[in-house]
Amino acid sequence: MTAAPATAPARPAAMAPLKDTTAIVGIGQTPFARHLAEPEKTLACRAILAALDDAGIPPSQVDAFTSYTMEETDEVEVAKAIGAGDVTFFSKAGYGGGGSCATVAHLAAAITTGQATVGVAWRSRKRGSGPRPWRNTGAELPTPGQWTRPYGLLRPADEIAMLARRYMHEYGATRDHFFNVALACRNRANQNPAAMMYERPLTREMYMTSRWISEPLCLFDNCLETDGALACVVVSAERARDCRHPPVYVHSAAQGLPAQHHGMVNYWTDDPLTGPSWTAARRLWHTADFGPPDVDVAQIYDAFTPLIPLSLEGYGFCARGEGAAFSEGGALELGGRLPINTGGGGLSEAYVHGFNLINEGVRQLRGTSTAQVPGAETCLVTAGEGVPTSALLLRS
């Protein structure tokens, strides 16, 4: 495979203080559904306690919490509810789905620098049964929204549709390429009993005849509306050896906010199709011992199908403009060049701002996925492309 030079530069012997110093040792989640009766706080605590039990660590030993700025259940309430002790580190990562991998990166940094010993990251969300943020027409628009929403770009789907149309125009991407992405995710969800789309196959006819959400994006180009919560536990590499499962090491982590960024539509950049993934990727590979050709499986943020080819290019799996063609011939399926989103992803498992991609990456490297890639030892996990983003390289 030909990596894009801008995303995978030569890696000198640079400082990489977080490399393999921490590991994910516990994962947990609630059921996923369009509607769950329990409030977000309860769902968060259930996922966190499940992750701690998976790790074999009592709640009283947790001294660090990290979640998203959009998380409405804060660390104070969570710490009290689960019975945590004194907390010495807490943070939140911004930009919705762009913050997923950053939560783990923050914990890795805190533990490596001695600020904490047992960290929990989580996301709890009732998007399936809750309100849509763009429906609040009485609130003053943030500055970026003043350049988009008055002109009809009301939802993220509308903004990504603009990027998708430009991508189709410039590089010849077609709806068949987007279908390849949707199908790969649905096929993996069909193997995953926890997925909302379990045992619900997708055909090309279903895809091509489905209703538009924001042309050229149809129903199956868009992520699910989900209630649910997920969590993971991070500890030092030394402590990880004593936990219940083989450690999954945080090998490299990065965040990316490109120059002159404007959320999703990238109005002010020279090339709107070069999104935050390109910025995050440069740092991610710079501090890693391996590159894109060495990744066994990838969990790539998929709120919308076009984000997959754009991310494949940004993270260096193919050259500029080749992401759509990369999806051909079953490349994204099990046994393909790069199996992706093996739990079903946001398109077909659940959409909880991408946290399920982290947990599925851990399962792959433990060898316990419902769609296991044989012998998987390395996994890329990415957060939302189109917004300030983050990414992780995990290894067994």
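These numbers come from the heavy atoms of this one structure, side chains and all, not from hydrogens, waters or symmetry mates. Because the structure is a prediction, the values reported are computed rather than measured.
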**Student:** Under a single-linkage rule joining Ile, Leu, Val, Met, Phe, Trp and Tyr whose side-chain heavy atoms are separated by less than 4.5 Å, which residues share a cluster with Leu219?
**Tutor:** Met168, Phe178, Phe179, Leu183, Leu202, Met206, Tyr207, Met208, Ile213, Phe220
**Student:** For Tyr351, which residues count as a side chain to side chain donor-acceptor pair (under 3.5 Å) partner, sequence neighbours excluded?
**Tutor:** Tyr301
**Student:** Can Glu71 and Arg123 be counted as an ion pair, charged N to O under 4.0 angstrom?
**Tutor:** yes
**Student:** Quick one: name the residues clustered hydrophobically with Ile57, using the 4.5 Å side-chain heavy-atom rule over I, L, V, M, F, W, Y, and just say none if it's on its own.
**Tutor:** Val25, Ile48, Leu49, Leu52, Val62, Phe65, Val78, Ile82, Val87, Phe90, Val118, Val120, Trp122, Val233, Val235
**Student:** Strictly by ring pair (Phe, Tyr, Trp, His ring centres under 6.0 Å), give each pair with a member in residues 356-384 just once, sequence neighbours left out.
**Tutor:** none
**Student:** Using a 6.0 Å cut-off, check whether atom CZ of Arg46 has over 12 heavy atoms from anything other than its own residue.
**Tutor:** no
**Student:** Please list all pairs meeting salt bridge (charged side-chain N to carboxylate O under 4.0 Å, His left out) that have one or both residues in residues 232-246, counting only residues at least two apart or in different chains.
**Tutor:** Asp53-Arg244
**Student:** Just to verify, what does Glu333 make a salt bridge (charged side-chain N to carboxylate O under 4.0 Å, His left out) with, not counting sequence neighbours?
**Tutor:** Arg188
**Student:** Can you name the residues that form a salt bridge (charged side-chain N to carboxylate O under 4.0 Å, His left out) with Glu205, not counting sequence neighbours?
**Tutor:** none
**Student:** Once side chain to side chain donor-acceptor pair (under 3.5 Å) is applied, do any residues pair with Asn190, and if so which ones, sequence neighbours excluded?
**Tutor:** none
**Student:** Listed by chain and number, what are the salt bridge (charged side-chain N to carboxylate O under 4.0 Å, His left out) partners of Glu159, not counting sequence neighbours?
**Tutor:** none
**Student:** Residues two or more places apart in sequence or in another chain: which of them pass side-chain contact (heavy atoms from CB on, under 4.5 Å) with Asp296?
**Tutor:** Ala376, Glu377, Thr378
**Student:** Taking only residues at least two apart or on different chains, which pairs with a member in residues 83-110 satisfy salt bridge (charged side-chain N to carboxylate O under 4.0 Å, His left out)?
**Tutor:** Glu75-Lys92
**Student:** Filter on salt bridge (charged side-chain N to carboxylate O under 4.0 Å, His left out), then keep only pairs touching residues 172-182, sequence neighbours left out; what's left?
**Tutor:** Asp176-Arg204
